[in-house]
**Q** 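Before I ask anything, here is the structure I am working with.
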Amino acid sequence: MLLRTDPFRALDRLAAQTFESGGTWSRPAAMPMDAWRHGDEFFVEFDLPGIDPDAVELSVERSTLTVKAERRPTHTGTTDQVEWVASERAYGVFARQLLLGDNLDTSAIHASYDAGVLRIRIPVAEAAKPRTIAVESGHDSDRPAINA
């Protein structure tokens with residue numbers, strides 16, 4: 001078996017494992033996301049590859065959306081039976097909190113998970129949507145009288 005080593009790649013991998021690896025419940029690691037608005041809805045997507053959908057927790061408290069997920073190793077057997085050859089995937093807890101504005105309807109949030117991507121759809125609240133206001137024409141008698 002021929003192994004070619006690259007010292008810079010090994011250094012990059014070590015830095016990633018040290019600074020960007022998974023977290024713990026008390027100190028979760030961040031997860032990458034994209035966010036955008038399309039029409040009357042906001043969308044947020046999180047990359048969560050290899051995470052079981054049952055291991056994803058979403059909660060809203062006041063105007064804060066919290067996303068937590070946990071990735072556990074998939075190998076079977078005890079640690080004594082496993083001989084690691086390479087371990088570059090991050091395991092542990094990942095979390096992110098988003099502050100949602102008052103113009104969003106937090107009671108109608110919808111989430112889906114497909115191919116390692118968690119997509120959250122948040123509609124704009126009815127009260128925050130642009131609307132037109134009719135202008136009535138009328139007589140001066142409709143106005144309250146001003147006593148001078």
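Quick note: residue numbers are just sequence positions, from 1.
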**Q** Quick check for you: to the nearest 0.5 Å, what is the distance between Glu70 atom CD and Asp52 atom CG?
**A** 11.0 Å
**Q** Trp36: which other cluster members, linking ILVMFWY side chains closer than 4.5 Å, directly or transitively?
**A** Phe43
**Q** Listed by chain and number, what are the side chain to side chain contact (heavy atoms under 4.5 Å, CB included) partners of Ile133, not counting sequence neighbours?
**A** none
**Q** Might you work through the side-chain contact (heavy atoms from CB on, under 4.5 Å) test for Leu100 and Ile109, ending with a clear yes or no?
**A** CA-CA 11 Å; Leu100 305 177; Ile109 293 176; 4.3 Å; yes
**Q** Locate the shortest heavy-atom distance separating Pro123 from Ala108; write the atom from each residue and the value.
**A** CD-O, 3.4 Å
**Q** Indicate every side-chain donor-acceptor pair of residues 110-118 with a distance under 3.5 Å to a residue at least two apart or in another chain.
**A**
unit_1	atom_1	unit_2	atom_2	d
Tyr113	OH	Leu48	O	2.7
Tyr113	OH	Ile51	O	2.7

**Q** Can you tell me how far the CD1 atom of Ile122 sits from the CG atom of Leu98, to the nearest 0.5 Å?
**A** 7.0 Å
**Q** I'd like to know if the side chain of Arg71 and the backbone of Pro49 have a donor-acceptor N/O pair within less than 3.5 Å.
**A** yes
**Q** Assess whether side-chain contact (heavy atoms from CB on, under 4.5 Å) is satisfied between Val124 and Arg37, documenting all intermediate values.
**A** CA-CA 10 Å; Val124 173; Arg37 181 177 178 164; 3.7 Å; yes
**Q** Using the side chain to side chain donor-acceptor pair (under 3.5 Å) criterion, which residues pair with Asp105? Sequence neighbours excluded.
**A** Ser107
**Q** Please give me the minimum heavy-atom distance between Val67 and Met31, naming the atom from each residue.
**A** O-CE, 3.7 Å
**Q** Apply side chain to side chain contact (heavy atoms under 4.5 Å, CB included) to Pro32 and list each qualifying residue two or more places apart in sequence or on a separate chain.
**A** Asp47
**Q** Report the residues that fulfil side chain to side chain donor-acceptor pair (under 3.5 Å) with Thr66, sequence neighbours left out, ordered by chain and then residue number.
**A** Gln97
**Q** The criterion is side chain to side chain contact (heavy atoms under 4.5 Å, CB included); which residues satisfy it with Arg62, sequence neighbours excluded?
**A** none
